[in-house]
Amino acid sequence: MAGKLDEKVAIVTGASSGIGEATAIALAAEGAQIVIAARRADRLDAVAKRIEAIGGKVLPIITDITDEAQVESLVQKTNAKLGQVDILVNNAGIGVLGTIDTGNPADWRQAFDVNVLGVLYATHAVLPLLKAQKSGHIVNISSVAGRTARAGVGVYNATKWGVNALSEALRQEVYKDNIRITIIEPGLVDTEFSDLISDPIAKQRSEERRKTITPLQSEDIANAIVYAVTQPQHVNVNEILIRPTSQDN
Ligand SMILES: NC(=O)c1ccc[n+]([C@@H]2O[C@H](COP(=O)([O-])OP(=O)(O)OC[C@H]3O[C@@H](n4cnc5c(N)ncnc54)[C@H](OP(=O)(O)O)[C@@H]3O)[C@@H](O)[C@H]2O)c1
């Protein structure tokens with residue numbers, strides 16, 4: 001059966017787990033050839049096997065999104081091996097939680113490097129290709145935290161606010177080249193994301209909060225991404241904000 005993304009090539013960053021993994025599989029199920037990028041080789045291989053098991057074509061490329069040269073190489077290798085890039089899902093991201101007075105600036109730098117500069121590096125690398133072919137779609141994974149600030153979340157809020165701002169500016173810069181930009185803003189999703197919270201008070205707060213919320217699953221977000229990238233060319237889904245029904249803010 002024909003998929004809605006046959007003949008398309010998609011790069012998904014942070015595809016070794018969680019939302020990125022589910023998105024890579026969902027795009028492959030619609031027929032796209034998928035390049036999966038992240039740092040953990042063993043996890044990328046496991047995702048590649050899942051994609052191959054549904055008959056998909058996949059190319060894992062180990063990439064640290066904070067390294068501009070590696071990101072440029074990711075895009076160039078994709079173009080060389082698969083001939084084009086149609087969709088970029090800027091999904092790689094990390095959390096940084098804790099109040100600003102107790103925060104560690106090294107953690108802040110890493111969060112901005114991954115969540116903001118990583119998005120910029122990948123976008124900058126694909127834009128010449130998308131502009132030359134006069135089509136393409138960039139999906140940036142932001143967060144409810146890009147729309148609503150909360151105590152103890154300020155630095156993460158700032159990174160995702162940044163993603164929203166650069167996405168809207170980019171949309172205005174490239175719409176005349178027929179390039180679409182979508183921001184996805186999930187609420188709480190059941191992934192490994194919050195396992196990586198280092199601040200003990202923030203971790204406890206997060207665990208308490210999780211008891212009151214039935215979280216989204218990665219596939220819920222992947223479905224939203226598939227929706228956005230399979231609309232007719234004249235439709236640009238600019239923003240999708242998705243909370244669990246039981247999430248307050
Ligand atoms: N889970 C939530 O509640 C939630 C809510 C809203 C938004 N989000 C956003 O959703 C996105 C995906 O997160 P997730 O929930 O799916 O968490 P996750 O399972 O922890 O996935 C994060 C992904 O980012 C990758 N990554 C981290 N640092 C990287 C680096 N330096 N270079 C390349 N890849 C890197 C990780 O791969 P490697 O470690 O293998 O490199 C992993 O594949 C993030 O942007 C996050 O901010 C999550």
Side-chain angles (χ1 to χ4, degrees), residues 11-26 34-48 50 60-71 73-75 88-97 107 109-122 125 139-148 150 153 155-164 166-167 182-198 202 206-207 209-210 213-222 224-225 239-244 246-247 249:
I11 299 174
V12 181
T13 72
S16 57
S17 59
I19 295 168
E21 175 174 5
T23 300
I25 291 165
I34 309 292
V35 173
I36 50 174
R39 293 165 304 173
R40 291 171 293 175
D42 56 333
R43 297 290 294 264
L44 281 182
D45 284 346
V47 177
R50 288 187 66 191
I61 301 182
I62 296 167
T63 310
D64 184 333
I65 205 75
T66 68
D67 183 324
E68 193 184 345
Q70 287 188 34
V71 178
S73 164
L74 163 71
V75 172
L88 166 66
V89 183
N90 278 314
N91 165 76
I94 56 170
V96 52
L97 295 183
D107 294 341
R109 279 190 283 276
Q110 181 67 9
F112 273 90
D113 280 351
V114 177
N115 296 2
V116 182
L117 286 172
V119 171
L120 285 169
Y121 296 152
V139 179
N140 290 338
I141 309 304
S142 176
S143 171
V144 164
R147 298 265 300 243
T148 307
R150 284 196 300 128
V153 190
V155 176
Y156 184 63
N157 286 139
T159 67
K160 293 301 188 181
W161 231 275
V163 170
N164 285 9
L166 69 88
S167 301
T182 298
I183 305 168
I184 305 283
E185 297 156 324
L188 185 67
V189 188
D190 185 18
T191 67
E192 296 165 22
F193 189 72
S194 35
D195 300 348
L196 302 174
I197 301 172
S198 54
S206 163
E207 280 163 8
R209 189 159 180 261
R210 288 175 76 91
I213 299 172
T214 304
L216 300 166
Q217 298 301 311
S218 295
E219 290 72 20
D220 299 323
I221 307 305
I225 294 167
E239 197 169 359
I240 305 181
L241 171 64
I242 317 169
R243 287 187 179 88
S246 50
Q247 181 169 336
N249 60 16

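Read the numbers this way: they start at 1 and go in the same order the structure lists the ligands and their atoms.
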At a heavy-atom distance under 4.0 Å, which protein residues reach ligand 1? Sort them by chain and number, would you?
Gly14, Ala15, Ser16, Ser17, Gly18, Ile19, Ala38, Arg39, Arg40, Thr63, Asp64, Ile65, Thr66, Asn91, Ala92, Gly93, Ile94, Val114, Ile141, Ser142, Ser143, Tyr156, Lys160, Pro186, Gly187, Leu188, Val189, Thr191, Glu192, Phe193
May I have the list of side-chain donor-acceptor pairs in residues 13-26 shorter than 3.5 Å, sequence neighbours left out?
residue: Thr13; atom: OG1; partner: Val89; partner atom: O; Å: 3.4
residue: Thr13; atom: OG1; partner: Asn91; partner atom: N; Å: 2.9
residue: Thr13; atom: OG1; partner: Ala92; partner atom: N; Å: 3.0
residue: Ser16; atom: OG; partner: Arg40; partner atom: NH2; Å: 3.2
residue: Ser17; atom: OG; partner: Arg40; partner atom: NH2; Å: 3.0
residue: Glu21; atom: OE2; partner: Arg50; partner atom: NH1; Å: 2.7
residue: Thr23; atom: OG1; partner: Ile19; partner atom: O; Å: 2.7

Pairing residues for Arg243 by the salt bridge (Lys or Arg N to Asp or Glu O under 4.0 Å) criterion, not counting sequence neighbours:
none
Between Phe193 and Tyr156 (judged by ring centroids, cut-off 6.0 Å), do the two rings come close enough to count as a pair?
yes
Once side-chain hydrogen bond (donor to acceptor under 3.5 Å, both in side chains) is applied, do any residues pair with Ser143, and if so which ones, sequence neighbours excluded?
none
What one should report as the nearest heavy-atom pair of Arg210 and Asp190 is NH2-OD1, 3.5 Å
Does any donor atom in the side chain of Thr159 or Asn115 lie under 3.5 Å from an acceptor atom in the other side chain?
yes
